[in-house]
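What follows is one structure encoded as structure tokens, with my remarks underneath.
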There are 2 protein chains.
Amino acid sequence: MDQNGKRKARATLVEVAELALVSKSTVSRVINEDAAVSEEARQRVLDAIRATGYRVNQSARALVSNKTGAIAVAIYEQLATYFTSSFSGAMVTALQDFFFERDLQVLILPAPNRERQKRIEKYIYEGHVDGAILLGPVREDILLSDLLSAQVPIVVGGRPIGSDSVSYVDIDNAKASELAVQELIRSGRKTIGFITGQLSNASATDRLRGYKLAIDGSDARDDETLIGIADWGYESAAIATRKLLELHPELDAIFCSNDLMATAAIAVIRDSGRKIPEDIAVIGFDDSPIALRTTPQLTSVAQSPEDYARALGENLLKQMSGEDLSPKPVILPTQIVWRDSFKPENHK
Amino acid sequence: MDQNGKRKARATLVEVAELALVSKSTVSRVINEDAAVSEEARQRVLDAIRATGYRVNQSARALVSNKTGAIAVAIYEQLATYFTSSFSGAMVTALQDFFFERDLQVLILPAPNRERQKRIEKYIYEGHVDGAILLGPVREDILLSDLLSAQVPIVVGGRPIGSDSVSYVDIDNAKASELAVQELIRSGRKTIGFITGQLSNASATDRLRGYKLAIDGSDARDDETLIGIADWGYESAAIATRKLLELHPELDAIFCSNDLMATAAIAVIRDSGRKIPEDIAVIGFDDSPIALRTTPQLTSVAQSPEDYARALGENLLKQMSGEDLSPKPVILPTQIVWRDSFKPENHK
DNA sequence: GTGAAAGCGCTAACAC
DNA sequence: GTGTTAGCGCTTTCAC
């Protein structure tokens with residue numbers, strides 16, 4: 001069998017059947033724990049499988065059953081960058097748990113740029129997977145192209161900019177942001193800075209919108225220069241905070257679009273000799289573990305990674321079962337987790 | 001076609017062929033840019049593909065061609081944890097680049113625990129992918145089970161503990177570590193601490209071995225309590241360093257098994273009021289970007305993520321082509337990148 | 001409870 | 001250049 005050093009060919013169903021003295025139908029039944037098979041035949045088949053080292057050929061199975069048993073989780077960003085947010089990390093882990101329990105394999109597909117995104121979309125619609133979850137800054141123009149017309153079950157995490165022809169799960173970013181800023185205003189803060197992440201991202205624009213809404217309906221200072229633009233990362237947020245402090249020495253609160261940026265803000269504020277929350281109150285977004293590691297600990301707007309993952313998973317499963325094909329958004333609630341960087345009672 | 005609201009069935013080769021008035025062979029040729037096809041026929045086929053929205057069925061193609069066009073990169077660790085090391089992040093990115101250029105799709109498979117590892121190994125040997133790269137703390141007993149007997153092309157990143165029946169790529173951890181410690185000794189340091197990562201990991205044990213080798217052949221203090229055990233992370237390394245400083249106030253150097261832990265060591269040393277490198281020299285491992293962000297900047301033992309990725313990729317490709325099936329290690333060289341936390345001229 | 005037979009959608013000889 | 005044909009390895013009716 002192995003005459004000239006070649007790799008031994010993989011055993012097939014037929015070979016197992018021959019060795020077990022049954023038909024390949026019976027072998028198939030045993031493998032799939034399907035219909036009733038006599039215990040005797042079952043044992044013979046199991047032995048033959050062991051003897052031949054048989055493994056099912058997934059391509060063949062997928063061809064006939066039209067199922068691959070795999071789910072793509074495409075991440076439209078550099079992986080290392082994506083996983084710096086601990087919300088993302090926890091969420092992807094929860095996603096894996098969700099599908100693991102349902103016997104589906106999660107494939108993480110990194111799509112850091114346009115070229116790769118195209119390739120991954122091709123990978124998805126050519127039938128390597130039964131469905132896909134798209135994470136990160138997904139843009140409509142990229143999405144709509146081939147993926148939607150291919151009718152593959154798809155759910156996006158976070159509302160894709162400008163798109164309403166695809167299912168997505170998101171939190172009410174604008175509302176969450178508005179509520180947080182309102183709390184700052186209620187405590188008597190008047191000059192409230194805002195540090196935003198990249199505005200190519202829908203959640204960034206929504207959180208910014210919420211901030212503006214809260215400011216608009218109040219007596220707090222309304223000034224475009226109170227908005228610092230960063231990129232979700234530490235460095236850029238530190239720079240933005242420094243600039244804010246220079247421009248507005250009377251600043252008495254900062255709301256940040258994520259916790260990592262709030263960490264930077266806290267460091268810069270403390271370096272400047274100001275006290276938190278007495279002089280400047282700080283609120284972050286995501287309630288990630290780093291919110292516990294700052295001094296003082298960070299008040300943050302929370303979303304549950306587990307709930308988020310479950311919402312994504314269930315939506316996808318529904319589409320995969322053909323139950324519910326109309327695109328629909330799922331909006332998840334948030335709440336503020338109060339810590340020392342700002343509490344409602346910290347009046348100014 | 002879409003009578004009762006059902007999803008429109010996907011077009012097949014035959015339908016395209018009928019519409020284009022050619023045989024399915026010709027359609028196949030056009031799709032695969034294969035043999036010569038008359039320009040006229042080619043256009044008709046292309047039009048028909050567009051008209052029908054045809055997409056190749058990967059399962060069918062894989063069944064007959066015995067190729068999936070995908071490579072698994074299994075990560076035997078929590079993804080978020082794995083990507084905290086910037087070497088890992090850069091390496092995986094380089095790996096993606098490597099395979100992208102060769103038209104192979106990289107699938108990241110997170111295998112944080114035994115249960116998942118089993119599932120992923122099954123996924124691999126059932127033929128979803130053409131080959132696999134295993135990263136993280138891979139253990140022999142897990143590996144050898146089914147994967148090797150299934151004869152799937154496999155390369156491991158980092159020598160798996162106790163295994164020699166699988167190809168792997170690694171740096172010469174022991175040698176690299178020994179050289180770094182020898183430099184410390186040569187500069188006159190006598191009480192050299194070592195902070196190790198989890199010893200379940202082969203590179204951790206090798207780096208520790210190199211440290212011991214260097215100490216053994218020298219007049220530096222040989223004392224088990226100079227070895228601090230941490231888990232590659234910041235917190236545990238900070239604790240280990242503090243303990244080291246308490247136990248050995250005369251400590252004049254610390255060598256850390258990775259840069260993140262060296263960062264922690266630096267912070268603790270500076271907190272204690274000691275100067276780097278005057279009082280205590282510090283060397284890290286990996287030359288990751290954080291080595292540039294410490295004060296002082298960190299001297300570190302370097303391995304190139306790109307070279308590492310290329311070595312993994314080429315080894316795997318060789319196995320996939322059937323060229324080279326014998327398991328063999330590839331050992332990559334390292335060098336010390338000198339920065340301010342220690343230089344050869346910083347004599348004690 | 002079991003087997004025979006059809007066929008999933010594609011590629012790859014092999015003729016013409 | 002193009003069509004015909006024979007499978008790839010599996011699941012799944014449908015008889016028995």
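Letters A, B, ... mirror the listed sequences (proteins, then strands); counts begin at 1.
Backbone-only engagement by A/Ala41 is indicated by non-hydrogen atom pairs under 4.0 Å involving sugar-phosphate atoms exclusively.
For the pair A/Lys24/A/Ser28, no side-chain contact is recorded, criterion being any heavy-atom separation below 4.5 Å from C-beta on. Contact annotation: the side chain of B/Asn315 never approaches that of B/Tyr168 to less than 4.5 Å [non-hydrogen atoms, C-beta and beyond].
B/Arg10 and A/Glu126 make their closest contact through NH2-O, 3.4 Å (heavy atoms, listed as atom of the first residue, atom of the second, distance).
Terminal axes of the helix from C/dG1-D/dC16 to C/dC16-D/dG1 (five pairs each, C1' rotation axis) are separated by 30°, to the nearest 10°.
Of the possible donor and acceptor atoms, none in the side chain of A/Tyr125 sits under 3.5 Å from a partner among the backbone N and O of A/Val152.
Just one of B/Leu316, B/Leu104, B/Ile124 meets the side chain to side chain contact (heavy atoms under 4.5 Å, CB included) condition when paired with B/Asp130; it is B/Leu104.
Rounded to a whole Å, the CD atom of B/Glu18 is 14 Å from the C1' atom of D/dG3. Rounded to whole angstrom, the span from the CG atom of A/Asn66 across to the P atom of C/dC10 amounts to 11 Å. When rounded to the nearest whole Å, the span between NZ of B/Lys67 and C1' of C/dA12 equals 14 Å. Between the P atom of C/dC8 and the CD atom of B/Gln58 lies a distance of 19 Å, rounded to the nearest Å.
Checked for salt-bridge contact, B/Asp307 and B/Arg310 meet the test: a charged N lies under 4.0 Å from a carboxylate O.
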Practice item. Assign a letter to each nucleotide of nucleotides 8-16 of chain D from its 5' end: B, base within under 4.0 Å of a protein heavy atom; S, sugar-phosphate only; -, no contact. Key: BBBBBB---
Point to revise | Stepwise side-chain contact (heavy atoms from CB on, under 4.5 Å) check, A/Leu332 with A/Asp170 | key: CA-CA 6 Å; A/Leu332 266 21; A/Asp170 206 349; over 6 Å; no
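Taken from CD1 in A/Ile71 to CG in A/Leu317, the straight-line distance is 7.0 Å, to the nearest 0.5 Å.
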